[in-house]
2 protein chains.
Amino acid sequence: MQKIVVIGGGTGSYTILRGLKNHNIELTAIVSMMDSGGSTGRLRDEFGFLPQGDVRRCLLALSPDTGMLRKLFEYRFSRGVGLNGHNLGNLFLTALRDITGREEEAIREAAKILNIKGRVLPVTTTNCQLGAILENNQVVVGETNIDIPRHDPELKIKKLFLVPKPRAYNETIKAILAADKIIIGPGDLFTSVIPNLLVGGVVPAIKKSKAKKVYVCNIMTKYGETTGFKASDFVNELEKYLGKDVLNYLVCNNKKPSKALLEDYQKEKAEYVEPDLVSKKIRAVKTDLLDNIDLARHNPEKLARTIMKL
Amino acid sequence: MQKIVVIGGGTGSYTILRGLKNHNIELTAIVSMMDSGGSTGRLRDEFGFLPQGDVRRCLLALSPDTGMLRKLFEYRFSRGVGLNGHNLGNLFLTALRDITGREEEAIREAAKILNIKGRVLPVTTTNCQLGAILENNQVVVGETNIDIPRHDPELKIKKLFLVPKPRAYNETIKAILAADKIIIGPGDLFTSVIPNLLVGGVVPAIKKSKAKKVYVCNIMTKYGETTGFKASDFVNELEKYLGKDVLNYLVCNNKKPSKALLEDYQKEKAEYVEPDLVSKKIRAVKTDLLDNIDLARHNPEKLARTIMKL
């Protein structure tokens, strides 16, 4: 059976995993562990465990589409002193972490309870923070401070780093080495995708793996992260961390969202990513990947079918 | 199949249900919904839902003895702003109540997820408070204020009441009417057992039911509630609410706990309940029901076997 590994985190991973889980493959989600915002951030601060948010989203993506446990895992408290804003899935993972004593064990138990298709692996089990050096050499630490820019969003991100520098989880490295296809993205380039590549051992494993290496480019830019980026800019930025001549494919949407939708996104200064030319060494697959919803997002089925055909 | 209904709440119900679930019977737990302390009380205040604590304990008692979901349902946070002291099972039930919109539906869904043996039914789905009138006519409102006496514990409880006066849940009445055996207790007489009898429709249904009616007396008294009570006092007090000539059986432990254990209990001013004589109309079954543990509690298996034989 074809082994597909998806590297990312956040909404992008959620989308692609929801599509891929319906195909007959061995599916592994490798998830960034640097989230520091919202309910996850509060729990991280108070319990000292690794963040649950991205893991939770990947588990949800791979769980059956119906059922009360899924609803519970998604549930967010909107009342209650100290509970307001907390996600029950995060509390569930926090308790599992406390009971089992290990993040990877907590994820495994949650996967069993939720009866997921495939596996979810943390990129690392070391508690670390994401940092960014901006073009003016200002340093911003904390994923949420980069994701929801608490810095001048006009300043470009020059370099990302992790502190302390973590080693990859050994099962994650094994999964990368054994993969037939490694899918990087989609997702926020600096806060969901690249953080995985900063973890010690990940890039060498990707290079060593005989898998086809695929980058799925985002549909829209993100203000303060990828302002003004075309597809080639996403690839160039990624290659700063991954190295040249590693990617075999670029998968890129070429269907422009409606004018009305683009105007909506203008409020957040997000723009359509032009599917421009990239290096001839990378095979660009440009196709309609747009979902028929009120968001300029990938359609899980269209994206999964495109990946399967590579 | 024999239909057994257990009426109570708290630790007493937990104990007897754990024993009965291993027998081939149709088992229904009817649970008081007046808890107002601890994690349950905080959630009750903040969400306005019915209390989860007693329901949670009964669900746990009837769930398989192993498995991670059970551990999660039992888990209590010992850290976290606003989370500290909260029980994950309570949060789980709160979320289910919010998702489904109804207490009875939330309990049913939790029962399915936990794969319990039998059923758990709330005695009522009306949000009400337990109140007590003491012998000096002082009025104490709130289950936790009576349970952990925030009044002079030397004063006897003269009368209990519920405010507002609730009607019983219709499925609960049906279960009582259809039962072959109705087991009242064990458990705190004034805060777990009698509150069920105050709910409109419960006592008439017990009287109407052709079931054998059994009272399981506690092993130890409780300071501020049943100080100085013998078995006959428990029965007399119960009959104030249930009526005379309703009970067919009294099940009572006659094995005195060890001297060391009794000394431990002396710290809480709790004493061994003497299995004295009761009205000849009630058949008293006095036997060794003591558990071989560090607490003067019923042994679930001994108690269940005794019940099965009646």
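Hydrogens, waters and symmetry mates are skipped; everything else that's a heavy atom, side chains included, is used. All values reported here derive from a predicted model rather than from experimental measurement. Just so we're on the same page: letters track the sequence lines, and every chain starts at 1.
- Using modelled atom types, one finds a donor on one side chain and an acceptor on the other under 3.5 Å when comparing B:Ser39 with B:Asn90.
- Of the atoms belonging to B:Leu96, heavy atoms from both backbone and side chain fall under 4.5 Å from chain A.
- Although no hydrogens or angles enter the test, the distance criterion places no donor-acceptor pair under 3.5 Å between the side chain of B:Glu26 and the main chain of B:Gln2.
- Counting heavy atoms from C-beta outward, A:Ile113 and B:Met68 have side chains that approach closer than 4.5 Å.
- For B:Leu72, the parts sitting under 4.5 Å from any heavy atom of chain A are the backbone and the side chain alike.
- Ranked by non-hydrogen atom pairs under 4.5 Å with chain A, the options B:Asp45, B:Leu43, B:Asp98, B:Asn84 are led by B:Asp98.
- Put simply, the side chain of A:Arg79 gets close to the backbone of B:Phe47: a donor and an acceptor are under 3.5 Å apart.
- Looking at B:Phe77, the atoms closer than 4.5 Å to chain A (heavy atoms on both sides) all sit in the side chain, from C-beta outward.
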